[in-house]
Amino acid sequence: MNSNLLSNPISSEVFTSIDLGTNSFKLLIVQAEPSGRSFVPIERLKEPVVLSRESPTSISSQSQARALQSLRKFKSLILSHHVSGDRIRCVATEALRRAENQEEFVDAVFEDVGLKVDVLSGEEEARLVYLGVLQFLPVFEKSVLCVDIGGGSTEFVVGKCGDVKLAVSLKLGHVNLTQMFMKNGIGLKEMRDYIRHAIDESRLAEKLNESDGFEVVVGSSGTIRAIENAVFSGYGADLCDFNLEGYKRDWRFGTRELSSVVAKLCSEGDEELIRREGFFKRRSEFIVAGAVLLEEIFKALGIEDMEVSEYALAEGVIADSLAKAFDGSYDLNANARWRSVMRLATRFSGKKRMTHAIHCAKIAKEIYLGLRKCNDFKVILDDKDLEYLEAACFLHNIGIITGKKGYHKQSYHIIKNGDHLHSYTAEEIELIAMLVRYQRKKFPKLDRAPLKGFTGEAKRKFIILCLITRLSVTLQRNENMDLQEVEFIESSEIFKLVLKRQHQEPVEVGCQDQVNKNSDESQLEKEVEHFKRLYKKEMVIVFPS
């Protein structure tokens, strides 16, 4: 690793993966638990580079310029999180696999940003996609066919219990198909014929049968997630409205729903084009080819139903890195509890709300660790309490999807009644749901239901966790902060919560001297007063101006 990508001090528990895809570059930074049994995303960034836009067989100077510009942004974020050089892995897929000037591009990246690029084989990419799926869905013990549609290729992998039984990569991607057929005016029929011929020629169906088939089909990648969202939103049925019955959203769709979306996408006319661009945004350029490709895969392999994973290659790279860093002790099937929290959070939150949730959890953890050190609350705070707190922060805004007022109450009902959190007891689910319910508005009263039934120690723990949740939610809501560092300092008379933005000096703002109060600052004053009343100690918030 080039020295220009090292930072000091470094964190041995922060890991980074960078996915140089054909269509987009993705950065993922995670905080790994010391045991190595799970990880929490703390930063995500996606850049629409489209490496093969100018040429399908080489990386043009324009594409290289876009790529380096994006990677410089990634580098800045990596440095801000103090990631150790040996905890960073950068992988590239089909566009670089087939690029004639691959070596020249790889050298340019290393020279400019200090990143060593690992150009994956199609089979290794498929294996890592499977590892990523295992971090999201409880399918470890099943024989799973994973389908990952990328910009330049589609990966197929059959795995069971963490072992890969079959891995196949086909040079069929939504970007190269769009360039070959949609932009050249050749047409949909010819594109379908081309896809069918490529699948037949690969003998994919026969290879799957020879590997004893599969029990479950899982789709990953942005294209498949976009199609699932279109199914969920009623895109093919002209609904495009939110409909959440019983607080359920099963991330799956069948052949009928897929065909309905494809038929709508293939409709002609300016009205449909405008509608498509409005719904799919940046992905609208390639979504028709991606959807048609998926429909042909369904037909060729006899797929009737597909589950959808939010995690794919980037998370698989992280899982692989953790397995190596923790000397083989990373259990691919461990911590089903936390995986179910992350599934629920991503199921009901878009990218922006997930970013808020990540920052909220980061602030909450720092406050929690600071308070636990002082240990004068007549209650012992343990790692499970931190898990409940982080779960509440990741789930605090999921109720916004209902579009109703009082989203904290909607979030409570989704957690409590949706049967989403696995391996948690009913009491633990109630506690997490209650933390979400009382993240805002009125502060809970200990002598009223449902807290009335809690034991004395449980009440004390809940109030501590509730106060931390409320502080964290209020702080992360201030969009001017863009926090990079959180520190909690204690003296005998006062607690000081220090929130820093990269390259900026913090400005101290206490509850007695705030200037230019807005609603968030006013709410922060109230939370500081709650803290003072409950713990008989002053708190001062120090944050960027």
Discussion item. Looking at every heavy atom in both Val14 and Arg87, which two are closest together, and how far apart are they?
Written reply: O-CB, 3.3 Å

Response to the item:
For Phe25 and Ser70, the nearest pair of non-hydrogen atoms, with its separation, is CD2-CB, 4.3 Å

Hydrogens and angles aside, do [X] and [Y] bring a side-chain donor and acceptor to less than 3.5 Å of each other?
X	Y	value
Arg97	Ser153	yes
Ser284	Glu277	no
Ser58	Glu100	no
Ser143	Glu215	no
Ser340	Arg343	no

Worksheet item: So does Lys142 have more than 12 non-hydrogen atoms from other groups sitting under 6.0 Å from NZ?
Response: no

Discussion item. Take a 6.0 Å sphere around CD of Gln62 and say whether it holds more than 12 heavy atoms from other residues, nucleotides or ligands.
Written reply: yes

So, [X] and [Y], do they make that salt bridge, N to O below 4.0 Å?
X	Y	answer
Arg196	Asp200	no
Lys299	Glu296	yes
Lys362	Glu390	no

Worksheet item: Is the Tyr424-Trp338 ring centre distance short of 6.0 angstrom?
Response: no

To the nearest 0.5 Å, what is the distance between [atom1] ([X]) and [atom2] ([Y])?
X	Y	atom1	atom2	result
Leu115	Leu68	CG	CG	10.0 Å
Asp320	Glu315	CG	CD	13.0 Å
Gln64	Phe105	CD	CZ	6.0 Å

Item to complete: Take the angle between the ring planes of Phe348 and His420 and call it parallel below 30°, perpendicular above 60°, tilted in between.
Response: perpendicular

Practice prompt. Report the relative orientation of the aromatic rings in Phe280 and Tyr235; use parallel for angles under 30°, tilted for 30 to 60°, perpendicular for over 60°.
Written response: perpendicular

